[in-house]
Amino acid sequence: MLNFSKKLIHWYLQNKRELPWRQTQDPYSIWLSEIILQQTRVEQGMPYYFSFVETYPDVKALAAAREDDVLKLWQGLGYYSRARNLHATAKKVAYDLNGVFPDTYKELKKLKGVGDYTASAIASICFNEATAVVDGNVYRVLSRIYGIDTPINSTPGAKEFKALAQELIDKKDPATFNQAIMEFGATQCKPKNPYCLHCPFSESCVAFQQGRIADLPVKKGKIKVRDRFFNYLIFITPKGETLIQQRKEKGIWRGLFDFPLLETEKDLQKEHFRESVNKLMILGKDKSVKFEALPVEEIILQQRAPIIHKLSHQKLHVKFWVIKLSEASGLQMIAYERLGDFAVPRVIDRFLEDFDFKDFLE
DNA sequence: AAGACGGGGTC
DNA sequence: GACCCAGTCTT
């Protein structure tokens with residue numbers, strides 16, 4: 001289409017939102033915002049952007065942080081590998097690259113957590129390099145306007161859309177073009193109920209003209225969701241201490257903290273709790289003990305029906321069991337008041353919001 | 001090429 | 001319940 005970029009940029013200049021990261025070309029700010037915005041809506045990411053900029057004003061400040069503190073600030077945003085990669089890349093830039101971000105797509109893409117999209121975004125916005133971004137918005141806009149039904153999550157699809165975007169990009173102003181096409185997808189050419197009636201491209205939009213708006217873009221395969229049953233053990237000593245652990249293994253919530261966990265094949269009933277938990281090893285900081293060796297005084301299940309916590313690939317059935325200990329366990333525990341210092345999964349944060357340890361003390 | 005990885009919003 | 005979000009990394 002002739003003049004696509006001209007019309008698009010015209011639309012953008014009249015309709016764009018004023019967003020904090022649109023007031024700068026500073027690579028640190030742009031990089032930070034792009035990482036936060038991966039698979040994340042602007043409204044959800046915005047508060048995190050503000051708290052990160054305030055807490056870590058530049059890449060050196062972020063590099064000097066402890067990873068646990070970065071994770072704590074990231075708590076609730078999800079996809080926590082982003083936070084770990086963010087910190088690793090900050091250290092790389094601060095200590096190996098003299099505090100200066102790479103200024104080309106090719107070099108940017110070598111950074112941890114920076115893929116094709118993010119490298120293109122930074123290179124274009126900060127350094128005026130004409131490399132096209134292809135995110136979910138771009139897939140939608142281009143598949144509709146050009147009537148392309150190649151699955152967007154396929155290798156041919158990725159190549160085809162990248163090439164088309166690269167062909168369309170305004171070589172003189174790639175920064176504005178890239179942001180314009182994403183903004184257009186986010187606010188006009190939405191997944192559901194797009195504003196086709198006053199769309200500047202409706203006359204030539206293949207999907208609109210052929211009534212295929214709802215069918216594009218095409219995505220292959222559906223993800224299958226696995227059911228898991230989590231039983232969290234909230235230990236409480238007479239001194240008001242509890243036990244937490246950091247999730248080190250691969251899988252969900254890596255790097256975050258949670259309570260000792262008993263995972264079962266199905267929903268665990270109170271009658272079967274003892275037999276199921278007895279052989280469980282409770283991992284302390286320095287040593288570990290079997291559950292059955294602990295001085296358990298009382299077990300109180302916090303809810304009859306499990307809490308359902310949905311992730312993209314898993315459906316979690318979560319129960320919290322309070323385990324009152326009559327004396328110190330021999331394990332190294334923490335005062336419950338300090339729980340707030342640790343990054344925890346949303347489901348635990350939510351539980352803690354209306355749980356009071358004092359109810360179980362004297 | 002296919003899965004894994006979070007949490008929240010929309011319809 | 002299904003789909004999507006300013007995607008990336010691992011298998």
Side-chain angles (χ1 to χ4, degrees), chain A residues 12 16-17 19-22 30-49 71 74-86 88-89 108-122 124-125 132-141 151-159 161-162 165 175 177-187 189-194 214-226 228 247 249-256 308-316 343-350:
Chain A
Y12 176 69
K16 70 172 179 174
R17 295 167 289 182
L19 301 174
W21 45 86
R22 286 197 176 142
I30 299 300
W31 164 70
L32 176 61
S33 72
E34 294 298 348
I35 302 298
I36 287 174
L37 263 21
Q38 288 169 5
Q39 291 293 286
T40 304
R41 281 165 214 285
V42 165
E43 309 81 60
Q44 189 189 1
M46 188 102 69
Y48 288 84
Y49 177 78
L71 279 168
W74 198 272
Q75 175 180 305
L77 237 205
Y79 284 165
Y80 296 94
S81 65
R82 287 184 294 171
R84 298 196 309 273
N85 287 152
L86 185 82
T89 289
L108 284 161
K109 199 170 176 304
K110 293 178 182 173
L111 302 174
K112 281 188 185 175
V114 177
D116 190 293
Y117 163 78
T118 305
S120 299
I122 301 172
S124 62
I125 295 171
V133 295
V134 182
D135 71 338
N137 297 122
V138 177
Y139 280 126
R140 191 168 51 255
V141 171
I152 60 172
N153 54 344
S154 68
T155 303
K159 287 184 63 177
F161 284 97
K162 177 81 183 184
F177 176 90
N178 277 341
Q179 295 183 83
I181 193 169
M182 291 191 285
E183 184 79 344
F184 185 75
T187 66
C189 194
K190 302 180 297 175
K192 304 288 181 189
N193 304 322
D215 303 326
L216 293 171
V218 173
K219 211 167 185 173
K220 269 325 240 190
K222 48 188 184 304
I223 62 166
K224 43 180 180 291
V225 178
R226 155 167 88 114
R228 297 179 74 180
R247 299 178 64 90
E249 67 286 8
K250 315 193 69 140
I252 54 170
W253 304 329
R254 183 172 174 189
L256 272 60
I308 302 301
H309 186 74
K310 290 177 167 178
L311 307 177
S312 47
H313 287 71
Q314 303 182 20
K315 180 179 178 184
L316 273 26
V344 298
R346 194 72 180 91
V347 67
I348 288 182
D349 192 40
R350 194 171 277 147

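Note on naming: letters A, B, ... go to the chains in the order of the sequence lines (proteins, then strands), and numbering restarts at 1 for each one.
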On DNA chain B, does the nearest nucleotide to A/Arg228 precede the nearest nucleotide to A/Asn153 from the 5' side, or the other way round? Give the residue. A/Asn153
Looking only at atom P, what distance separates C/dT11 and B/dG6, rounded to whole Å? 15 Å
Once you apply a heavy-atom cut-off of 4.0 Å, does A/Val114 come out as touching a base, just sugar-phosphate, or nothing? sugar-phosphate
Considering every strand and a 4.0 Å limit on heavy-atom distances, what is the contact class for A/Leu77: base, sugar-phosphate, or nothing? base
Heavy-atom pair of closest approach, residues A/Val138 and A/Asp135: N-OD1, 2.9 Å
Using a 4.0 Å heavy-atom cut-off, does A/Ser154 contact any base of the nucleic acid, only the sugar-phosphate backbone, or nothing at all? nothing
Please tabulate the protein-to-nucleotide N/O contacts below 3.5 Å involving nucleotides 8-11 of chain B, giving atom names and distances.
unit_1 : atom_1 : unit_2   : atom_2 : d
B/dG8  : OP1    : A/Arg346 : NE     : 2.4
B/dG8  : OP1    : A/Arg346 : NH2    : 3.4
B/dG8  : OP2    : A/Arg350 : NH2    : 3.2
B/dG8  : N2     : A/Arg41  : NE     : 3.4
B/dG8  : N2     : A/Arg41  : NH2    : 2.9

Does A/Gly136 or A/Lys219 map to a spot on DNA chain C nearer the 5' end, using the closest nucleotide for each? A/Lys219
Verify side chain to side chain contact (heavy atoms under 4.5 Å, CB included) between A/Val347 and A/Leu316, making sure each step is shown before the conclusion. CA-CA 10 Å; A/Val347 67; A/Leu316 273 26; 5.6 Å; no
Mark yes or no for whether A/Asn153, through its side chain, and A/Lys219, through its backbone, hold a donor-acceptor pair below 3.5 Å. no
Within the side chain of A/Arg22, is there an N or O that forms a donor-acceptor pair under 3.5 Å with the backbone of A/Lys16? no
Mark yes or no for whether A/Arg254, through its side chain, and A/Ser81, through its backbone, hold a donor-acceptor pair below 3.5 Å. no
Across the strands shown, which category fits A/Gly221 at heavy-atom distances under 4.0 angstrom: base, sugar-phosphate, nothing? nothing
Has A/Lys112 got more than 12 heavy atoms of other residues, nucleotides or ligands less than 6.0 Å from its NZ? no
Base, sugar-phosphate or nothing for A/Leu19? Non-hydrogen atoms, less than 4.0 Å. base
Between A/Ser124 and A/Ala121 (side chain of the first, backbone of the second, donor and acceptor by atom type, cut-off under 3.5 Å), is there such a pair? yes
Measure the distance from NZ on A/Lys250 to P on B/dG3 and round it to the nearest whole Å. 17 Å
For A/His313 and for A/Pro156, find the nucleotide of DNA chain B with the closest heavy atom, then tell me which residue's nucleotide is more 5'. A/Pro156
Classify A/Ser81 by what it touches in the nucleic acid, base, sugar-phosphate, or nothing, heavy-atom distance under 4.0 Å. nothing
Going 5' to 3' along DNA chain C, between which two nucleotides do contacts with chain A fall, using a heavy-atom cut-off of 4.0 Å? C/dG1 to C/dT11
Using the C1' atom on both, measure C/dT8 against B/dG9 and round to a whole Å. 22 Å
With heavy atoms under 4.0 Å as the rule, sort A/Arg254 into base, sugar-phosphate or nothing. nothing
So which atom in A/Ile125 and which in A/Ala175 form the shortest heavy-atom distance, rounded to 0.1 Å? CA-CB, 3.7 Å
Fit a plane to each ring of A/Tyr48 and A/Trp74, take the angle between them on a 0 to 90° scale, and name the class: parallel (under 30°), tilted (30 to 60°) or perpendicular (over 60°). tilted
Over all strands shown, is A/Lys222 touching base, sugar-phosphate only, or nothing at heavy-atom distances under 4.0 angstrom? nothing
Any side-chain N or O of A/Trp74 below 4.0 angstrom from OP1/OP2 of B/dG6? no
Return the value, rounded to whole Å, for the distance between atom CD of A/Gln38 and atom P of B/dG6. 13 Å
What's the gap between C/dA6 and B/dT10 when it is taken at their P atoms, as a whole Å value? 12 Å
Checking side-chain polar atoms at under 3.5 Å, does A/Gln38 have a donor or acceptor matched by the opposite partner on A/Tyr117? no
